[in-house]
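Have a look at the structure below before the remarks.
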Amino acid sequence: EISDVQARRVWDSRGLPTVEVEVRTRSGGLGRAIAPAGASCGTHEAVELRDGGDRLGGKDVSRAVANVEELIAPALRGVDARDQCGVDAKLDGLDSSGAFRTLGANASVATSLAVLHAGAQSTGVPLWRHVADTFDRAPSIPLAETQIFGGGAHASGRVDVQDFMIMVPGAGSFDESMVVTAEIYRAAGRCMAEQGRLAGVADEGGWWPNFDSNEQALDMLMRAIEAAGETPGERVVISLDIAATQLRHGSGYRMALEGALLDADGFSERIARWIERYPIVAIEDPFAEDAYENFARFRQRTAAIQVVGDDLLVTNALRVREAAAAGACNTALIKVNQAGTVSRAVAALDEAHRAGWRTIVSARSGESEDVSIVHLAVGLGAGQLKVGSFARSERMAKWNECVRIEQALGSKAFVAGEPLTNTWWA
Ligand code: PGA
Ligand code: ZN
């Protein structure tokens, strides 16, 4: 039974304010969680509440913190912390906007996750197990999607594409996939240094994209995979997050590096050419956040690869259903703060699975030491996990948590065996 809910301002990986919530139970349990924050946010996401004004760039969260203590705490006192759906329904009931405009999605998501932790403590099981039991899933260890170069809004638009990532579906375990990833990340840094291009890291820890074209980044990624002793397209494959909403210019897409303005067909052509030239198995947000039809046409022509909706779907069950009806994607990115509560995120994930899609639980570019999403990925059997690059502790904390959980569950729970193929390139 929840006895107290407390909130405070803490700081995220960009040094910006964010909301931390602590939930206490009568039996002495304590659950704690921190809200993450995006940079390339979708218009249709649940809305985080910021103070505005001059101080801290308008990013302070004192109103969201006050909402937790004044509105949420009284509503949750006395509620069973193990009743996640009941708690999340109460949070829904406190905000009539449907997008947590009043309460703040930063207030609601930190509360919802903190309750999840408190519920696990009350039950006396690890968080991933509590998630699996609460939502009646078979837990599994996800395939990691790891950024090597960061770009787009996470690197001041230095290159157009936001995430140049690798996956290691050929690994025998999560642990082994981390070893391969570590070698490739370090090799990429060495290759950058050799060409005089090393210039630190971007927001999520990926190497700063000191390139003259998007293709040059892809070539460097191929070279790093080879330098790590791997054959691209075998054990290791490539994935991209285009985050195309950020590139939208009128009815087309602007590729700043080459000064090109492409219409949707031209942009589609460009990405298709990359898929032919490189072992790319997943493309996230190839078009802007409302371009269902462009997504659908792209999805048809790219056959077997994962077409992932992030800004398009914003972890919203209704939008997943619309996208499924339109044939717009075959994979949903699941960000719990886009939804605003754990239950809403699970509803979006369920809708995706009902459509026969894959799912990727994802962090945001603004993160913290909070590792709750790793437990969600495992406990919900999501299949894949995206938390940024292989540096900076807000990222490594999450990979490390998954290493721990794999040791508890055994490497048989690793789900990477699923085929991830690019039949065009192969
Ligand atoms: P964001 O980026 O957290 O800045 O929105 C992550 C993503 O686009 O996947
Ligand atoms: Zn994205």
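Owing to the predicted nature of the structure, the values given are computational and were not obtained by experimental measurement. Just so you know, ligand 1 is whichever comes first in the structure, and atom 1 is the first atom listed for that ligand. If you read the sequence from its start, that first residue is 1, and numbering goes on from there.
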task = Among all protein heavy atoms, pick out the one at the shortest distance from atom 9 (O) of ligand 1; state its residue, atom name and that distance to 0.1 Å.
result = Lys386 NZ, 2.7 Å
remark   = Short version for Asp203: what comes under 4.0 Å of ligand 1, heavy atoms counted, is neither
request  = List the atom of Ala288, the atom of Tyr253, and the distance in Å for their closest heavy-atom pair.
outcome  = N-OH, 2.8 Å
message = If we only consider heavy atoms of Ala243, is any one of them less than 4.0 Å away from an atom in ligand 1?
response = no
remark   = Nearest non-hydrogen protein atom to atom 8 (O) of ligand 1, with distance, is Gln162 NE2, 2.8 Å
inquiry  = Need the ligand 1 atom indices (1-based, order shown) with element for anything under 4.0 Å from a heavy-atom of Gly38.
reply    = 1 (P), 3 (O), 4 (O), 5 (O)
ask   = From Leu313 CG over to Cys329 SG, what is the distance, rounded to the nearest 0.5 angstrom?
value = 4.5 Å
note = Per-atom filter on ligand 1: closer than 4.0 angstrom to a heavy atom of Asp310 are 7 (C), 8 (O), 9 (O)
key: Phe149 ring center near Trp208 ring center (under 6.0 Å)   = no
task = Could you tell me whether Glu48 and Arg50 make a salt bridge, using a distance below 4.0 angstrom between a side-chain N and a carboxylate O?
result = yes
Ligand-side contact atoms (ligand 1) for residue partner Ser365, heavy atom cut-off under 4.0 Å = 1 (P), 3 (O), 4 (O)
task = Please report the C-alpha distance between Ser365 and Gln162 in whole Å, then the side-chain angles of each, then the deciding distance to 0.1 Å, and finally whether the side-chain hydrogen bond (donor to acceptor under 3.5 Å, both in side chains) criterion is met.
result = CA-CA 11 Å; Ser365 48; Gln162 181 181 280; over 6 Å; no
ask   = What residue and atom, counting heavy atoms only, is the protein's closest point to atom 6 (C) of ligand 1, and at what distance?
value = Lys335 NZ, 3.4 Å
task = Could you tell me which atoms of ligand 1, counted from 1 in the order shown, lie closer than 4.0 angstrom to a heavy atom of Asp241?
result = 7 (C), 8 (O), 9 (O)
ask   = How many angstroms lie between CE in Met222 and OG1 in Thr231, if you round to the nearest 0.5 Å?
value = 10.0 Å
Name of the Asp241 atom (N/O/S only) found closest to the Zn ion (ligand 2) = OD2
query = Would you call Glu45 and Arg319 a salt bridge, taking side-chain N to carboxylate O under 4.0 Å as the test?
reply = no
remark   = Min over Arg14, His154, Glu45 of heavy-atom distance to atom 2 (O) of ligand 1 lands on His154
task = Number the atoms of ligand 1 from 1 as they appear, then name those within less than 4.0 Å of a heavy atom of Arg364, with their elements.
result = 1 (P), 3 (O), 5 (O)
task = Check Asp310 and report its N/O/S atom nearest to the Zn ion (ligand 2), by atom name.
result = OD2
key: N/O separation below 3.5 Å, Ser40 to ligand 1   = yes
Atom indices of ligand 1 within 4.0 angstrom of Glu284 heavy atoms, with elements = 9 (O)
message = Would you say CZ of Arg14 has more than 12 non-hydrogen atoms from neighbouring residues, nucleotides or ligands within 6.0 angstrom?
response = yes
Rounded distance [0.5 Å steps], CZ in Arg395 versus NZ in Lys386 = 10.5 Å
Which atom of Glu284 approaches the Zn ion (ligand 2) most closely (N/O/S) = OE2
message = Pair Asp219, Tyr278 - check side-chain hydrogen bond (donor to acceptor under 3.5 Å, both in side chains), show working.
response = CA-CA 9 Å; Asp219 288 336; Tyr278 304 95; 2.7 Å; yes
